[in-house]
Number of protein chains: 2
Amino acid sequence: MKQQAICPKFEKAISLLSRRWTALVIYQLLLGTQRFNEIQSAIGISGKVLSERLKELEQQGIVIREVIPATPVVIEYSLTEKGQSMEPILHSIESWSQQWMRTELD
Amino acid sequence: MKQQAICPKFEKAISLLSRRWTALVIYQLLLGTQRFNEIQSAIGISGKVLSERLKELEQQGIVIREVIPATPVVIEYSLTEKGQSMEPILHSIESWSQQWMRTELD
DNA sequence: TAAACTTAGTTACATAAAGTAAGTAAAATT
DNA sequence: AATTTTACTTACTTTATGTAACTAAGTTTA
């Protein structure tokens with residue numbers, strides 16, 4: 001029995017989104033440009049993993065890192081067009097979670 | 001500066017989908033009821049991790065495990081209504097990946 | 001009838017990823 | 001001069017995942 005192979009583009013997207021924190025970082029940046037510490041405190045990720053994730057997302061062309069020459073230098077992270085285009089993914093997760101997820105509180 | 005807390009339902013959904021293989025298992029079961037070895041060979045997951053994932057998804061009410069009393073016994077996995085309702089999530093990832101992902105081949 | 005195979009896993013051990021906590025460098029504030 | 005802030009990095013620990021071998025119950029093959 002021949003199994004249909006999974007599309008490599010889809011598999012790549014899935015492996016990106018299946019890394020812990022990746023989706024939450026993108027979700028956070030959908031709210032707008034943010035700095036390292038803002039993202040960190042918003043989602044509760046460690047500095048180490050956040051810096052790894054931001055580098056990965058930069059390499060994938062999803063996030064841009066901008067060094068603003070102020071005093072002191074400010075580093076801003078935002079989504080590229082590719083990153084922005086992930087909004088429907090995050091929103092489908094969000095609306096599914098509202099319909100189907102139960103926490104201890106409800 | 002007060003950061004808006006992330007909705008616990010959304011966070012729970014994200015943490016489910018951020019575990020490796022989870023999304024691919026659901027994607028595979030969207031094609032229909034399947035047996036352990038079918039899922040395993042379709043997505044290339046190890047038996048150990050597949051059995052862990054299926055148990056988690058069963059506990060979340062996303063997957064049902066059915067023991068069919070044939071000779072020999074057949075065990076079938078399928079999606080519940082909750083599981084089926086994740087289709088739009090997987091499809092949004094799929095269509096995003098078609099538009100934006102590049103493999104070495106293209 | 002015995003040997004080998006299949007299915008749906010489990011177990012033991014190895015490697016990789018993530019978490020924690022402390023450290024750092026450059027500049028600003030006290 | 002000492003402390004604070006930002007955007008990280010480093011060292012170490014814990015957790016997750018991978019690999020390979022094993023199992024039990026039944027089936028097919030020699």
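Letters go in sequence order (proteins before strands), and every chain restarts at 1.
Taking A:Ser85 as the reference, B:Trp96, B:Trp100 meet the side chain to side chain contact (heavy atoms under 4.5 Å, CB included) condition, with sequence neighbours excluded. Checked against side chain to side chain contact (heavy atoms under 4.5 Å, CB included), A:Glu76 has the following partners two or more places apart in sequence or in another chain: A:Thr33, A:Arg35, A:Ile68, A:Val74. Residues that satisfy the side chain to side chain contact (heavy atoms under 4.5 Å, CB included) test with A:Thr103, not counting sequence neighbours, are A:Leu105, A:Asp106, B:Pro8, B:Lys9. Partners of B:Arg20 by side chain to side chain donor-acceptor pair (under 3.5 Å), not counting sequence neighbours: none found. For B:Ser18, the side chain to side chain contact (heavy atoms under 4.5 Å, CB included) criterion is met by B:Ile14, not counting sequence neighbours.
Contacts classified as salt bridge (charged side-chain N to carboxylate O under 4.0 Å, His left out) and involving residues 87-96 of chain B (residues at least two apart or in different chains) are not found. For residues 45-56 of chain B, the set of pairs meeting the salt bridge (charged side-chain N to carboxylate O under 4.0 Å, His left out) definition, not counting sequence neighbours, comprises B:Arg19-B:Glu56, B:Arg53-B:Glu56. Pairs of residues two or more places apart, or lying in two chains, that qualify as ring pair (Phe, Tyr, Trp, His ring centres under 6.0 Å) and include a residue from residues 14-34 of chain B are A:Phe10-B:Tyr27. For residues 38-69 of chain A, there are no ring pair (Phe, Tyr, Trp, His ring centres under 6.0 Å) pairs, not counting sequence neighbours.
Residue B:Gln40 contributes atom CD, which lies 12 Å from atom P of D:dG18 at whole-angstrom precision. Computed from coordinates, the B:Leu54 CG to C:dA8 C1' distance equals 11 Å when rounded to whole Å. Atom pair B:Ile43:CD1 and D:dT17:P shows a separation of 13 Å (rounding to whole Å applied). If you take NZ of B:Lys55 and C1' of D:dA16, they are 16 Å apart, rounded to a whole angstrom.
Linking Ile, Leu, Val, Met, Phe, Trp and Tyr residues whenever their side-chain heavy atoms come within less than 4.5 Å places B:Leu30 and B:Phe36 in a single cluster.
Shortest non-hydrogen contact noted between B:Ile62 and B:Leu16 is CD1-CD2, 3.5 Å.
For DNA chain D, the residues of residues 44-53 of chain B within the heavy-atom distance limit of 4.0 Å (strictly under) are B:Ser46, B:Lys48, B:Val49, B:Arg53, sorted by number. If you check residues 13-25 of chain B against DNA chain C, you find no residue with a heavy atom closer than 4.0 Å.
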Please write out the pairs of protein N or O atoms and N or O atoms of nucleotides 4-7 of chain C separated by less than 3.5 Å, giving the distance to one decimal.
{"unit_1": "C:dT7", "atom_1": "O3'", "unit_2": "B:Arg35", "atom_2": "NH2", "d": "3.2"}

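Residue B:Tyr77 places at least one side-chain N or O under 4.0 Å from the OP1 or OP2 atom of C:dG9.
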